[in-house]
Asker: 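Take this structure first; my questions come after.
First the proteins, then the strands, lettered A, B, ... as listed; each starts at 1.
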2 protein chains.
Amino acid sequence: MVAESGPRRRTGGRSAVVLTSIRKAVEELITEGGSEAITIPMVAERAGVNHSSIYRRWGDARTMINDLATYRLDPERGLPDTGDLRADLTAWAQELIGHYSIPVNAALLRGGAAAAGERESDCLRDRRAEAAGFAARSGSTFSGDDVIDRVVAPIIYRAVFLPWTLTEADVHTYVDELCDRSA
Amino acid sequence: MVAESGPRRRTGGRSAVVLTSIRKAVEELITEGGSEAITIPMVAERAGVNHSSIYRRWGDARTMINDLATYRLDPERGLPDTGDLRADLTAWAQELIGHYSIPVNAALLRGGAAAAGERESDCLRDRRAEAAGFAARSGSTFSGDDVIDRVVAPIIYRAVFLPWTLTEADVHTYVDELCDRSA
DNA sequence: ACTGTAACGCACAGTACTTGGCATTAAGTC
DNA sequence: GACTTAATGCCAAGTACTGTGCGTTACAGT
């Protein structure tokens with residue numbers, strides 16, 4: 001998934017089918033037993049794919065899961081942009097909550113968390129870029145870090161550690177406190 | 001580590017030495033390669049302990065790591081309580097930052113995150129109990145959930161996903177916004 | 001000290017994962 | 001449609017992890 005130079009990649013046809021099968025299998029398995037219970041032979045068997053194909057593509061389960069987690073929310077999907085910053089932020093935050101309310105996405109997030117802390121291993125980098133985009137629209141009312149601290153962090157914290165409370169996250173209060181800061 | 005009824009446990013002497021050795025080995029290994037790269041034979045070899053002792057005590061690596069992560073910050077250590085709630089909260093938050101600034105603690109936290117989402121598998125439950133204690137002292141100014149959302153979540157988010165920015169977390173602002181809410 | 005037994009070390013068997021060579025299939029290009 | 005070769009499937013060997021039975025050690029309580 002990372003852009004590479006070199007020989008022409010084959011992204012369609014059979015390769016695409018294999019990738020789709022693998023993704024489906026990983027998501028099923030991760031929902032059932034979490035990210036740490038996944039092995040490559042398990043994925044291969046459920047996907048109906050030979051295990052050597054997976055080893056060659058990713059090398060190990062950790063790399064595979066992190067890769068699949070990173071691209072689970074399409075970075076090209078487009079962000080809310082009605083001109084009303086507060087409404088757009090709220091809609092965006094609610095999209096995040098909806099996304100991580102689905103068990104498979106929360107489980108993938110936990111897998112990404114386990115692999116985090118290293119450079120180039122961050123399944124939330126696209127989310128931070130989106131936060132920075134909103135901050136830019138705010139002038140200097142708040143920064144990208146402020147969006148992370150006050151809106152993204154509470155949502156992600158709940159998604160990882162307290163998934164059953166995720167829908168109770170009070171998005172409106174988060175956004176209001178962010179937009180109405182006296183600082 | 002979990003309190004159990006039944007036959008009298010042996011917590012001292014050789015058992016304590018074994019546990020200490022295992023803890024040290026796990027912390028070294030997790031610092032070196034993250035929580036997912038750990039296997040029980042690796043821990044056993046480095047700790048100079050037979051692997052069967054580890055299998056019998058925890059069963060699998062995931063359970064072991066989550067258990068060690070849960071009790072890394074002693075729940076009995078005592079909390080700041082000078083009478084100045086704002087100062088106490090600030091000191092507590094700074095203690096958390098100091099704790100997770102140490103790479104091994106952050107790595108253990110990631111290991112705990114990977115195992116989270118299941119009941120009885122939550123390495124931050126003691127932190128939430130502490131947050132609830134502060135909330136109780138505040139009367140009804142803020143709740144335990146508020147402390148989590150506004151103070152704990154930003155710190156934990158950074159510790160897991162952006163450890164190199166953890167020390168930039170603005171504890172004073174977090175606490176001020178929590179204590180000065182107009183709501 | 002003496003006793004009961006929890007916890008440990010050792011050894012072995014069973015299972016599962018990992019890796020590479022080789023043949024086959026089919027995506028991308030002209 | 002023909003060609004190049006990326007990607008996959010198959011297989012087999014090597015390696016590592018998992019789990020248990022049994023004897024030994026030594027903690028905890030008397």
Asker: To the nearest Å, give me how far apart CG (B:Leu19) and C1' (D:dC27) are.
Answerer: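 Rounding to the nearest Å, CG of B:Leu19 and C1' of D:dC27 are 15 Å apart.
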Asker: When the distance from CZ of A:Arg62 to C1' of C:dC17 is rounded to whole Å, what number comes out?
Answerer: 17 Å
Asker: Between A:Ser53 and A:Asn50, do the side chains contain a donor N or O and an acceptor N or O under 3.5 Å apart?
Answerer: no
Asker: Considering only heavy atoms and no angle criterion, is a donor-acceptor pair shorter than 3.5 Å present between the side chain of B:Ser52 and the base of C:dC8?
Answerer: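 Not at all, since no donor on one side and acceptor on the other fall under 3.5 Å apart.
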Asker: Generate the contact string for nucleotides 22-30 of chain C. Rules: B means base contact, S means sugar-phosphate contact only, - means no protein heavy atom under 4.0 Å.
Answerer: B--BBBSS-
Asker: Does a side-chain N-to-carboxylate-O contact under 4.0 Å join B:Arg127 and B:Glu95?
Answerer: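 Result for this pair is no, no salt bridge flagged.
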Asker: May I ask you to say whether B:Arg86 pairs ionically with B:Asp176, meaning some side-chain N is under 4.0 Å from a carboxylate O?
Answerer: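 Salt bridge present between B:Arg86 and B:Asp176.
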Asker: With no hydrogens and no angle check, do the side chains of B:Thr165 and B:Arg158 hold a donor and an acceptor under 3.5 Å apart?
Answerer: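 Short answer, yes.
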Asker: Take the protein atom CG of B:Asn50 and the nucleotide atom C1' of D:dT20, then report the distance between them rounded to whole Å.
Answerer: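 Between C1' of D:dT20 and CG of B:Asn50: 12 Å.
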Asker: Over 60° means perpendicular and under 30° means parallel, so tell me whether A:His51 and A:Tyr55 are parallel, tilted or perpendicular.
Answerer: perpendicular
Asker: Say whether B:Val17 and B:Tyr71 are linked into one hydrophobic cluster, either directly or through other cluster members, by side-chain heavy-atom distances under 4.5 angstrom.
Answerer: no
Asker: Once hydrogens and angles are ignored, does a donor-acceptor distance under 3.5 Å link the base of D:dT8 to the side chain of A:His51?
Answerer: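 There is none.
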Asker: Between the two ends of the helix from C:dA1-D:dT30 to C:dC30-D:dG1, what is the bend in degrees, rounded to 10 degrees, where each end axis spans five pairs?
Answerer: 70°
Asker: If you compare every side-chain N and O of A:Tyr55 against the phosphate oxygens of C:dT19 (OP1, OP2), does one of them come in below 4.0 Å?
Answerer: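 So the side-chain polar atoms of A:Tyr55 never come under 4.0 Å of the phosphate oxygens OP1 or OP2 of C:dT19.
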Asker: Output the residues of residues 36-46 of chain A in contact with DNA chain C, where contact means a heavy atom of the residue under 4.0 Å from an atom of the strand; sort by number or write none.
Answerer: A:Thr39, A:Pro41
Asker: Tell me the interatomic distance from B:Asp60, atom CG, to D:dG19, atom C1', rounded to whole angstroms.
Answerer: 13 Å
Asker: Are B:Leu79 and B:Leu124 linked, directly or through other ILVMFWY residues, by side chains that come within less than 4.5 angstrom of each other?
Answerer: yes
Asker: Is B:Glu27 paired with B:Lys24 through a side-chain N to carboxylate O contact shorter than 4.0 Å?
Answerer: no
Asker: Within the structure provided, determine whether A:Ile65 and A:Trp58 are in side-chain contact (heavy-atom separation under 4.5 Å).
Answerer: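 When only atoms from C-beta onward are counted, A:Trp58 and A:Ile65 do not touch, as no gap falls below 4.5 Å.
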Asker: If only side-chain N and O atoms of B:Ser53 are considered, is one of them under 4.0 Å from the OP1 or OP2 phosphate oxygen of C:dA7?
Answerer: no
Asker: Check the surroundings of atom CD in B:Glu45: do more than 12 heavy atoms from other residues, nucleotides or ligands lie under 6.0 Å from it?
Answerer: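 No, the 6.0 Å shell around CD holds no more than 12 heavy atoms from other groups.
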Asker: Is B:Glu28 salt-bridged to B:Arg23, cutoff N-O under 4.0 Å?
Answerer: no
